[in-house]
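Protein chains get the first letters and strands the later ones, always in sequence-line order, with residue 1 at the start of each.
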Amino acid sequence: MGRPEAGQPPDFIRKIINEDIADERFGGRVHTRFPPEPNGYLHIGHAKAICLNFGLAEEYGGRCNLRFDDTNPTKETSEYVEAIKADVRWLGFAWGEQELYASDYFEQLYEFARQLVKAGKAYVDSLNPAEVREYRGPWNRPGRESPYRQRSVAENLELFERMRAGQFPDGAHTLRAKIDMSSANMNLRDPTLYRVIHAPHHRTGEKWCIYPTYDFAHGQCDSLEGITHSICTLEFENHRPLYDWLLEALQIHHPRQIEFARLKLSYTVLSKRKLIELVEGGYVSGWDDPRLPTLAGLRRCGYPPEAIRAFCEKIGVSKVNSTVELALLENCVREELNRSAPRVMAVLRPLRVVIENYPEDQVEELEAVNNPEDPGAGSRKLPFSRVLYIERDDFLEEPPKKFYRLAPGREVRLRYAYFLKCVGVVKDEQTGDILELRCTYDPETRGGYAPDGRKVKATIHWVSARKALQAEVRLYDRLFRQADPTDVPEGVDWKSTLNPNSLETLDSCRLEPSLAQARPGSRYQFERLGYFAVDPLDSAPGKPVFNRIVSLRDSWAKLKQAGK
RNA sequence: UGGGGCGUGGUGCAAAGGUAGCACACCGGCCUUUGGAGCCGAGAAUGGGGGUUCGACUCCUCCCGCCCCAGCCA
């Protein structure tokens, strides 16, 4: 029980559930929910919660509801609802026949509130927000009771009804639970249950002008849906006594709340506020900017959902506030794509190569393996001709000791093609820039094998100039320069840690011709470079634009770095 | 300052009185028609002090540090 197939030890949540099942606490049932507020886009931190809740339901043969927490009409829109649904679906989860909304329960919630009033456990307060704060008091001193706290049940009932009827302006009255103004837990100092908000709601329209607070709605919605395990983040631990109190006062089904630490990821930000700041401030192109940790951004960039799910499995779940290294996410992506992505040849920064001893008009087709990790992926033909493009980085006029790619007089292998030797360098007389390489090839090495057993230190990628597809490729890098973008001196804007080089657009890349047919969203490994995906928005038929998802591990780059 | 929560290698997660383990990262080696992948290996941790015990990450106690709470946000 508790992901036996994962071969992982159960985390603290699964241990609790295992105990509950053993104790028949909920008749052996497991019913979770993912309760987003439709006021923003989902990010990879939400993915952790989604994978947890839906994953639990799958493992234990239970169910997981998708319920939108839409209790604040001033912030929520159906546009966000649709975006969230798309993200959850993309991750690979289904929530059954219908999606649920807290607003579905407004009438029931109102009735619950009336019950509390009748029981003398809630009252209509008429203090303004500043006064409420004043009466609530500080942590280390008890608060004071509102002068309206002793209103009669009849008066409370009438006032509450009139609040609903729209007879009061915003903020004039609230409904508060009557608990304990001297509690050490601030959440029990008569928390607000209802407030007046004259604003249209994305689903209920003009029907209501009073709305339940999250604290009043959330627990009761879970109860109404028969949720057994209400999994939420650490900051709600302080609220649990309030939720317990409400459920107890109402005498209704009492789910078990379990709190876990939300995800933090290095080199990025996951707070809704900061994400909005980046989007609205124009620091990125939108919610789906491939540099953003939003699910929309990751999807657009080309991240496979399987990799995100694997990541969520690997990070585990606990109550410790912690930051996961971006490298782990990248590792999950590489692991998934190494298995599944077809390999292709692409030259990002082309350097022209002329093979002097290769016949002018000859074109050959050479066999290339599609994925060495997957024999079933088959192979394809690559056109080869006299003029080629290779990567500029693969040639150095004066190679340092550990560099074993192409250099004057040196021989390397062109992947799946021939051995190639550099016999000359053509430069711009003015600038000294290298314009092209003059080379010779060995016809005996077709396919890349030397019959004489001669060895070569490097194999490099290439694209036939004549048949190449020219394309734009976007190189994305981490959005911030430091692991914790918010770690800035007092008074310094955290956005000053943005990485100015997080996007590099290359527009004269040369790709093997088969890529003209690449479908939007499809993922490839550009051999020796990294994993890339066809941008779903900016690509046109026959004219793909590629986004770099993640680079390949690059031990040469590491060496170079270390040498400096 | 009151309440709640949390401290295990660089990072994340295990070990519920019995040899502190796994993954990522890092370092070294092997292999290689991707300087990829794969394989092998090394280094590296229980916040601190007392106590209980044959034995403590685990139990007790004191201390230290970090996070959350004074919205009519969620």
Side-chain angles (χ1 to χ4, degrees), chain A residues 8-11 15 35-37 39-40 69 71-72 74-76 125 127-129 132-134 136-143 170-176 183-189 191-197 210-211 213-215 217-218 232-241 259 261 263 266 272 314-332 334-335 338-339 343 345 368-369 372-373 402-405 412-417 445 447-450 456-461 483 525-530 551-559:
Chain A
Q8 290 200 43
D11 51 63
K15 279 178 191 160
E37 182 191 16
N39 72 337
D69 245 309
T71 58
N72 186 346
T74 64
K75 298 191 171 176
E76 297 140 7
D125 194 16
L127 255 25
N128 65 42
V132 168
R133 194 183 325 125
E134 158 75 23
R136 185 143 32 220
W139 292 316
N140 53 353
R141 277 208 312 276
D170 287 10
H173 305 286
T174 58
L175 185 77
R176 297 177 71 182
S183 173
N185 182 339
M186 302 299 277
N187 294 116
L188 298 180
R189 319 248 268 221
T192 302
L193 270 24
Y194 266 90
R195 64 293 211 204
V196 179
I197 302 175
I210 58 172
Y211 293 91
T213 57
Y214 172 86
D215 274 344
H218 198 85
C232 61
T233 43
L234 253 30
E235 65 269 30
F236 293 106
E237 207 150 25
N238 292 329
H239 297 236
R240 192 174 35 183
E259 307 86 7
L263 173 69
S266 63
K272 218 172 248 185
K314 284 188 183 177
I315 58 177
V317 47
S318 74
K319 301 193 68 152
V320 187
N321 279 314
S322 56
T323 302
V324 175
E325 288 179 342
L326 185 61
L328 183 62
L329 210 211
E330 294 180 339
N331 179 70
C332 291
R334 292 191 183 109
E335 210 163 63
N338 178 50
R339 247 189 18 238
R343 267 110 247 234
M345 301 266 238
V369 170
E373 303 293 319
K402 289 294 186 66
F403 182 90
Y404 36 85
R405 275 111 97 149
V412 298
R413 171 169 37 233
L414 292 174
R415 180 138 232 231
Y416 299 128
T445 57
Y449 300 95
V456 98
K457 286 282 273 185
T459 299
I460 66 173
H461 59 279
Q525 182 194 103
F526 287 2
E527 294 225 21
R528 304 208 302 131
L529 298 173
S551 67
L552 243 33
R553 262 210 199 77
D554 188 350
S555 45
W556 166 241
K558 231 177 245 175
L559 267 177

A:T174 side chain N/O closer than 4.0 Å to the phosphate oxygens (OP1, OP2) of B:C72? no
Inset, instruction - State whether A:R189 places a side-chain N or O below 4.0 Å from either non-bridging phosphate oxygen (OP1 or OP2) of B:A70. - result: no
* **Any A:T71 side-chain nitrogen or oxygen under 4.0 Å from OP1 or OP2 of B:A74** => yes
Check: Phosphate oxygens OP1/OP2 of B:C72: is one of them under 4.0 Å from a side-chain N or O of A:T213?
Finding: no
Ranking A:N140 and A:S555 by the position along RNA chain B of their nearest nucleotide, the one closer to 5' is A:N140
Atom NZ of A:K558 and atom P of B:C27 are separated, to the nearest Å, by 5 Å
| said: When you measure only distances, ignoring hydrogens and angles, does the side chain of A:N238 come within 3.5 Å of the base of B:G3 through a donor and an acceptor? | reply: yes
In whole angstroms, the gap separating C1' of B:A70 from CZ of A:R176 amounts to 12 Å
Sorted by position of nearest nucleotide on RNA chain B, 5' first, the leading residue of A:A261 and A:R528 is A:A261
A:R240 vs B:G3: side-chain N/O to OP1/OP2 distance below 4.0 Å: no
What do the steps show when you test A:Y449 against A:Y416 for ring pair (Phe, Tyr, Trp, His ring centres under 6.0 Å), and what is the final call? CA-CA 9 Å; A:Y449 300 95; A:Y416 299 128; 9.2 Å; no
**Prompt:** Going by distance alone, is a donor N or O of one side chain under 3.5 Å from an acceptor N or O of the other, for A:D69 and A:H218?
**Reply:** yes
Atom NZ of A:K319 and atom C1' of B:G4 are separated, to the nearest Å, by 9 Å
Next item on the list: Would you indicate, yes or no, if B:C13 has its OP1 or OP2 atom less than 4.0 angstrom from a side-chain nitrogen or oxygen of A:S322?
Entry: yes
When rounded to whole Å, the NE2 to C1' distance for the pair A:H461 and B:U34 reads 10 Å
- request: Report yes if at least one side-chain N or O of A:R136 is closer than 4.0 Å to OP1 or OP2 of B:C72; otherwise report no.
  value: yes
